[in-house]
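Every chain is numbered from 1, with letters handed out A, B, ... down the list of sequences. Below, each value reflects all heavy atoms present in this structure, side chains not excepted, and no hydrogens, waters or symmetry copies. The model shown is predicted, which means the values in this text are computed figures rather than measured ones.
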Protein chains: 2
Amino acid sequence: MPLYTAGSLKSELNDRGWRLTPQREVILHVFQNLARGKHLSAEDLYNLLQNEGEQISLSTIYRTLKLMARMGILRELELAEGHKHYEINQPYPYHHHHLICVRCNKTIEFKNDSILKTGTKTAKKEGYHLLDCQMTIHAVCPTCQRALLPI
Amino acid sequence: MPLYTAGSLKSELNDRGWRLTPQREVILHVFQNLARGKHLSAEDLYNLLQNEGEQISLSTIYRTLKLMARMGILRELELAEGHKHYEINQPYPYHHHHLICVRCNKTIEFKNDSILKTGTKTAKKEGYHLLDCQMTIHAVCPTCQRALLPI
DNA sequence: CTGCTTATTGCGAATCTTATTTAATAAGCA
DNA sequence: TGCTTATTAAATAAGATTCGCAATAAGCAG
Ligand SMILES: [Mn+2]
Ligand SMILES: [Mn+2]
Ligand SMILES: [Zn+2]
Ligand SMILES: [Zn+2]
């Protein structure tokens, strides 16, 4: 899980016969400058770029998010039903995990260094090349516990 | 994360004003008797039941899987793109986690007791009612590493 | 710097999973 | 045993993501 710059992204892409496009650079930049604790869906990213005057099609957004997740640059998160969220994939000491309320989707980030260690060790043991490891806690938040039993 | 029987499922449902139906009982039974390491998608479950002569509609399958996941009876897993997989949610010592190849979806289960401990502690600290906690490692398996660079 | 190859983009249309609507059914309970 | 209403099946809709294709432009060789 290295930290990417526009330059290192370009070389990693070119090494595989792929290309660095302005769209990819812009999207990486958005995630690199996203506030801690923020997570973007494809639609979120699309709207954010629209508001900044960047014209990147939704198709390209989807393709780029998938590509960068497969490269280990972004993390793909299941924070809500029906669509994915993304954030930059950072190593220690920024590596963190998520506690999610399954009813209202309120999300709390937490850290635990032993998880990344376990992930690294387990992947290595099986000969896998690690891209990301994440712990997800599904639970019901205090507010939703008090609400009267809707599922 | 208690272990459910048809009886305890019924009381937990009835306590909330809900009902135990034959469909729900059948679906719980399938997951309770599923071989270790097996994970079912909604479609998988539907086909499995069809082959056993059980007529349960796909709508009911989806509703039941969601309900049981929200109750903490089943775990919802992201083992492949585009659809979820489910397995029974078991406590220590059966509690386990998943290492997934993002290219071919080959999945390996592994255990690590400290994860459930961390999940329990973190949920408690925030006042959340724990349903499930899981660690997911995204990686590229040895076979896919050798394959020539398709994403 | 120039031209060529082909990866990538944007657009629209398609796909596919999951949710919803509705009438019929049946679980729980008095 | 009868009543209330949660649940079902089936058809339909919704919504996220992917795909096909023509136009564009990144990388590279000359
Ligand atoms: Mn996060
Ligand atoms: Mn499993
Ligand atoms: Zn909540
Ligand atoms: Zn693989």
Between atom CD in A:Q50 and atom C1' in C:dG10, what is the gap in whole Å? 12 Å
Can you tell me if NE2 on B:H29 sees more than 12 non-hydrogen neighbours from other groups inside 6.0 Å? no
Does B:K66 have a side-chain nitrogen or oxygen under 4.0 Å from the phosphate oxygens OP1 or OP2 of C:dA19? yes
Looking at the side chain of A:K84, which of D:dA6, D:dT17, D:dA9 is the nearest nucleotide? D:dT17
B:W18 CH2 to C:dA26 C1', straight-line distance once rounded to whole Å: 19 Å
When the distance from CD of B:E78 to P of D:dT17 is rounded to whole Å, what number comes out? 11 Å
Name all residues meeting the ring-ring contact (aromatic ring centres under 6.0 Å, His included) criterion together with B:F110; count only those two or more places apart in sequence or in a different chain, and write none if there are none. B:H97
Scan residues 38-48 of chain A against DNA chain C and write down, sorted by residue number, each residue with any heavy atom closer than 4.0 Å; if none is found, say none. none
Indicate whether the side chain of B:Q134 and that of B:D132 have a donor and an acceptor atom separated by less than 3.5 Å. yes
Given Watson-Crick and G-U pairs under 3.5 Å, DNA chain C in dot-bracket ([ ] crossing, | other strand) is ||||||||||||||||||||||||||||||
Rounded distance (Å) that lies between atom P of C:dG28 and atom CG of B:D15: 12 Å
Got a sec: does the NZ of A:K38 have more than 12 other heavy atoms crowding it under 6.0 Å? no
Verify whether one side chain among A:Q50 and A:Q55 offers a donor that lies under 3.5 Å from an acceptor in the other. yes
Polar side chain donor-acceptor pair, B:E87 to B:N89, under 3.5 angstrom: no
Could I get the full list of side-chain hydrogen bond (donor to acceptor under 3.5 Å, both in side chains) partners for A:S114, not counting sequence neighbours? A:N112
Presence of donor-acceptor pair under 3.5 Å, side chain of B:T60 and base of D:dT7: no
Nearest-Å distance, CD (A:Q55) to C1' (C:dG10)? 10 Å
Distance, rounded to the nearest Å, where A:L65 contributes CG and C:dT9 contributes C1': 15 Å
With distance as the sole criterion, do the side chain of B:R19 and the base of D:dT5 form a donor-acceptor contact below 3.5 Å? yes
Does any part of the side chain of A:L74, heavy atoms only, come nearer than 4.5 Å to the side chain of A:F31, both counted from C-beta? yes
B:S59 (side chain) and C:dA19 (base): donor-acceptor pair under 3.5 Å: no
So, using side-chain hydrogen bond (donor to acceptor under 3.5 Å, both in side chains) as the criterion, who are the partners of B:E52 when residues are at least two apart? none
Give one of base, sugar-phosphate or nothing for A:L58, where a contact means two heavy atoms less than 4.0 Å apart. nothing
Would you say D:dA6 has OP1 or OP2 under 4.0 Å from some side-chain N or O of B:T21? no
Any side-chain N or O of A:Q23 below 4.0 angstrom from OP1/OP2 of C:dG10? yes
Please confirm whether the shortest side-chain N or O distance from A:K10 to OP1 or OP2 of D:dA26 is below 4.0 Å. no
To the nearest angstrom, the CD1-P distance between B:I56 and D:dA10 comes to 12 Å
Spacing between B:L13 atom CG and D:dT5 atom P, to the nearest angstrom: 19 Å
Taking for each residue the nucleotide of DNA chain D bearing the nearest heavy atom, is the 5' side occupied by A:P22 or by A:Y62? A:Y62
So does A:R24 get a side-chain nitrogen or oxygen closer than 4.0 Å to the phosphate oxygens (OP1/OP2) of C:dT8? yes
Counterpart residues, ring-ring contact (aromatic ring centres under 6.0 Å, His included), relative to A:H98 (two or more places apart): A:H39, A:H96
